There are 2 protein chains.
Amino acid sequence: MNIGDVANRTGLPAKTIRYYEDIGLITPQRDLNGYRRFREQDLHKLTFLGRARALGFTIEDCRTLLALYEDQSRASADVKQVARDHLARIETKITDLIAMRDTLTELVDACAGDNRPDCPILRDLGGTD
Amino acid sequence: MNIGDVANRTGLPAKTIRYYEDIGLITPQRDLNGYRRFREQDLHKLTFLGRARALGFTIEDCRTLLALYEDQSRASADVKQVARDHLARIETKITDLIAMRDTLTELVDACAGDNRPDCPILRDLGGTD
DNA sequence: TCTTGACCTTCCCGTGACTGGAAGCCCCAT
DNA sequence: ATGGGGCTTCCAGTCACGGGAAGGTCAAGA
């Protein structure tokens, strides 16, 4: 299978697939003409990577998870730890974003949004209290 | 005032302040020895930038907001629009992150986290349904 | 057989908002 | 004069790709 077919079947852009090879996440074979030749195993890995990335895991997390995935003697505790760390980072991000959202919502609500210059948003940012 | 004092008073790293000058957000004067000399006006702008960045506005948003801030004849509607667009982006991010969090939480909860290899997290990622 | 167009290859640059570090100048105190 | 801290510029790296150029390959149609 060529990269275009793999891109179609995995939903990953060809560029991304090449990038994943560059950084050693996958190692597809090569045809005589230099084209990458993907086997089912590669497709499977790429699907794995696509899902892990969709869950927000970093590339390095993905590398770890992929290694665990392939290691039949892994301990599920190791996988769980990676996921839990990632979950904690996500929780932090959500908390931060919600704080931003709340502040912004207040400011937006307080702003008349007309053609006059007076604006609580700018007042807050400028610290003109 | 030199950059170190400004960094202390604004809480922004000196590197960041230099960067903001590089990209034209501020234009401090220079002493004869080449040192940046900051006036109150610069400090005020930097504080503004610090707050706007803390609310997650992009640098380009900040550039726009700063221009509006300095424009005495602005319409508050323009400010509000920038803030509302940003708010919408934040809401989207929050939604995405919450979806990730929920999925991850389910997976983490389902994983025994012991020394056996069986793991629902990897099963899900691998799509072995 | 030739050509067209879709595919594939590598390589390099750009993204956002900085951060780290090197090399070197400046200033003040001892 | 020497030491230490602060300042300067410039270059490179971050993360996970995306855009685009220059060129090789392949299958189908005229």
Side-chain angles (χ1 to χ4, degrees), chain A residues 1-39 42 45-46 48-66 85-86 89-90 92-93 96-97 100, chain B residues 1-38 42 45-46 48-66 82 85-86 89-90 92-93 96-97 100:
Chain A
M1 222 181 329
N2 284 345
I3 200 167
D5 306 311
V6 178
N8 279 334
R9 286 185 50 185
T10 61
L12 296 173
K15 278 268 184 187
T16 299
I17 297 170
R18 291 195 195 98
Y19 174 66
Y20 288 171
E21 185 190 12
D22 267 4
I23 63 174
L25 288 178
I26 53 168
T27 47
Q29 298 184 309
R30 295 287 179 144
D31 281 339
L32 290 178
N33 59 13
Y35 287 20
R36 289 169 183 81
R37 187 156 51 83
F38 295 85
R39 290 166 300 172
D42 299 313
K45 271 196 190 185
L46 286 168
F48 183 99
L49 289 170
R51 295 196 194 203
R53 291 287 300 131
L55 284 179
F57 284 105
T58 67
I59 289 286
E60 285 317 302
D61 283 342
C62 289
R63 198 187 297 279
T64 305
L65 289 171
L66 208 47
D85 290 351
H86 177 46
R89 286 193 300 268
I90 287 184
T92 303
K93 273 193 195 169
D96 292 351
L97 285 173
M100 286 182 195
Chain B
M1 223 178 333
N2 283 346
I3 199 167
D5 307 311
V6 178
N8 280 333
R9 286 185 51 184
T10 61
L12 297 171
K15 279 268 185 187
T16 298
I17 297 170
R18 289 194 197 99
Y19 173 66
Y20 287 171
E21 185 189 11
D22 267 4
I23 64 175
L25 288 178
I26 53 168
T27 48
Q29 297 185 311
R30 295 287 178 144
D31 280 340
L32 289 179
N33 60 12
Y35 286 20
R36 290 169 182 80
R37 187 155 51 82
F38 295 86
D42 300 312
K45 271 197 190 185
L46 286 168
F48 183 99
L49 289 169
R51 295 194 192 205
R53 292 288 299 131
L55 284 179
F57 284 105
T58 66
I59 288 287
E60 284 318 301
D61 283 342
C62 288
R63 198 187 297 280
T64 305
L65 289 172
L66 209 46
V82 173
D85 290 352
H86 177 45
R89 287 193 300 268
I90 287 184
T92 303
K93 272 193 195 171
D96 293 350
L97 285 173
M100 286 182 194

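Since this is a predicted model, take the numbers as computed values, not measurements.
If one axis is set at each end of the helix from dT1(C)-dA30(D) to dT30(C)-dA1(D) from five pairs, those axes are 40° apart, to 10°.
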At under 4.0 Å between heavy atoms, how does the protein contact nucleotides 16-27 of chain D? Give one character per nucleotide, 5' to 3', with B, S or -. BBSBB---BBS-
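Applying the side chain to side chain contact (heavy atoms under 4.5 Å, CB included) rule to Ala14(B) yields the partners Ile3(B), Arg18(B); only residues at least two apart in sequence or on another chain are considered. Applying the side-chain hydrogen bond (donor to acceptor under 3.5 Å, both in side chains) test to Asn2(B) and every residue at least two apart in sequence or in another chain returns nothing. Listed by chain and number, the residues in a side chain to side chain contact (heavy atoms under 4.5 Å, CB included) with Asp61(B) are Phe57(B), Thr58(B), Val82(B), His86(B), Arg89(B) (sequence neighbours excluded). The salt bridge (Lys or Arg N to Asp or Glu O under 4.0 Å) check on Arg63(A) picks up Glu60(A), with sequence neighbours excluded. Residues passing the side-chain hydrogen bond (donor to acceptor under 3.5 Å, both in side chains) test with Asn33(A), sequence neighbours excluded: none.
Contacts between residues 21-32 of chain B and DNA chain C, counted as heavy-atom distances below 4.0 Å, involve no residue at all.
Residue contacts for Arg36(A): at a heavy-atom cut-off of 4.0 Å it reaches the sugar-phosphate backbone alone, with no base atom in range.
For residues 5-16 of chain A, the salt bridge (charged side-chain N to carboxylate O under 4.0 Å, His left out) pairs, not counting sequence neighbours, are Arg9(A)-Glu40(A). Among pairs with a residue in residues 23-32 of chain B, those fulfilling salt bridge (charged side-chain N to carboxylate O under 4.0 Å, His left out) read Glu21(B)-Arg30(B), Asp31(B)-Arg37(B), at least two apart in sequence or across chains.
The side-chain contact (heavy atoms from CB on, under 4.5 Å) with Ile17(A) is formed by just one residue from the set Thr10(A), Leu25(A), Leu49(A); it is Thr10(A).
The heavy-atom pair separating Arg53(B) from Cys62(B) by the smallest distance is CD-SG, 3.8 Å. Considering all non-hydrogen atoms of both residues, Tyr20(B) and Leu46(B) come closest at CD1-CD2, 3.9 Å.
Side-chain contact between Asp42(A) and Val6(A) is absent, with no heavy-atom pair separated by less than 4.5 Å.
Rounding to the nearest 0.5 Å gives a distance of 9.5 Å between CD1 of Ile26(B) and CG of Leu66(B).
Think of the region where chain A sits on DNA chain C: with heavy atoms and a 4.0 Å cut, that region ends 5' and 3' at dC7(C) to dC11(C).
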